Amino acid sequence: MVGNSLTRFSDGTLVLPIKRRDQPFYEGTNPTYTFRSSDGGHTFPQRSFLSDYGNEVNITELCPERLLAVIRYQPGPTDQPQTNKTVFLADSVDSGLTWENLRQLTSVHGQCHGAAIGLSGNRIVVAYDHRYPRELGTGRAMISHDNGKSWQDEVYYLCHGDVAGFPRHITLDGREILTFIGSCYGDVSKWENAMGKSHFSLIRWRPV
């Protein structure tokens with residue numbers, strides 16, 4: 001099992017996505033689930049199937065009971081991430097008890113690990129990694145003006161680097177965003193090469 005980011009909602013509910021990596025798979029292939037806790041994390045008795053092939057999941061509460069999951073979707077050979085990673089989305093309208101409308105957000109392979117934020121005026125921003133090929137590494141963002149039903153073709157570039165991304169963000173007033181994102185320049189053929197050569201950026205910005 002592989003854990004993802006724990007999320008706390010306005011009513012105190014905790015939701016933790018968990019990916020099952022090893023067979024046997026009882027629901028789907030390489031399934032990812034969400035586990036809910038309503039007692040402050042003492043127990044997580046409610047399990048829900050989120051998607052096949054999901055990992056690095058981040059969940060955002062857009063409004064009470066309405067959640068948006070941003071999923072690194074990776075079918076195919078695990079040793080060829082540049083050929084099969086993209087970003088998918090899924091919705092929940094019951095605080096994570098069930099998930100629906102699994103759909104693709106990015107169409108370029110090598111993109112993954114995103115996080116969403118809701119803004120005023122029915123807008124949603126998803127920031128994500130463009131991780132492969134390494135020389136094109138960037139942190140990017142896409143914007144929806146209709147609560148995630150459709151997305152603008154325009155892409156915002158937040159940072160660059162041979163490894164760039166793993167974004168998190170908050171909204172300051174429903175219009176402006178504070179994004180925390182990392183990047184590394186240099187030889188990243190091995191992850192340990194990034195040690196001592198990485199930096200984080202705080203970006204205060206608002207979509208046009």
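Everything numeric here is computed off the predicted structure, so don't read it as measured data.
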Can you give me the closest heavy-atom contact between [X] and [Y], atom names plus distance?
| X | Y | result |
| --- | --- | --- |
| Ser150 | Ser144 | O-OG, 2.7 Å |
| Ile181 | Cys159 | CD1-SG, 3.7 Å |
| Val15 | Ser95 | CG2-O, 4.2 Å |
| Gly54 | Ile71 | CA-CG2, 3.6 Å |
| Cys112 | Arg72 | CB-CG, 3.2 Å |

With rounding to the nearest 0.5 Å, note down the distance linking CG in Asp146 to CH2 in Trp151.
-> 8.5 Å
Rounded to the nearest 0.5 Å, what separation is found between the NE2 atom of His42 and the CG atom of Leu14?
-> 10.0 Å
Examine distances only and state if a side-chain atom of [X] and a backbone atom of [Y] form a donor-acceptor pair shorter than 3.5 Å.
| X | Y | value |
| --- | --- | --- |
| Ser120 | Gly174 | yes |
| Tyr185 | His160 | yes |
| Thr60 | Ala116 | yes |

Hey, could you give me each pair passing salt bridge (Lys or Arg N to Asp or Glu O under 4.0 Å) that has a residue in [range]? Not counting sequence neighbours.
| range | answer |
| --- | --- |
| residues 101-110 | Asp91-Arg103 |
| residues 107-124 | none |
| residues 28-52 | Glu27-Arg47 |

Quick one: list whatever passes salt bridge (charged side-chain N to carboxylate O under 4.0 Å, His left out) with Arg168, sequence neighbours left out.
-> none
Salt bridge (charged side-chain N to carboxylate O under 4.0 Å, His left out) filter on Arg66, not counting sequence neighbours, yields none
Do [X] and [Y] have side-chain N/O donor and acceptor atoms under 3.5 Å apart?
| X | Y | answer |
| --- | --- | --- |
| His109 | Thr86 | no |
| Trp99 | Ser48 | no |
| Thr7 | Glu61 | no |

Quick one: does Gln46's side chain get under 4.5 Å of Leu97's, heavy atoms only?
-> yes
Evaluate the side-chain proximity of Leu158 to Thr179: yes if any heavy-atom separation is below 4.5 Å, no if none is.
-> yes
Is the Phe88-Tyr73 ring centre distance short of 6.0 angstrom?
-> yes
Who are the side-chain hydrogen bond (donor to acceptor under 3.5 Å, both in side chains) partners of Asp94, not counting sequence neighbours?
-> Ser92, Thr98
Is the closest basic N to carboxylate O distance between Arg131 and Glu56 below 4.0 Å?
-> yes
Out of Asn58, Asn4, Val57, which one pairs with His113 under the side chain to side chain contact (heavy atoms under 4.5 Å, CB included) rule?
-> Asn58
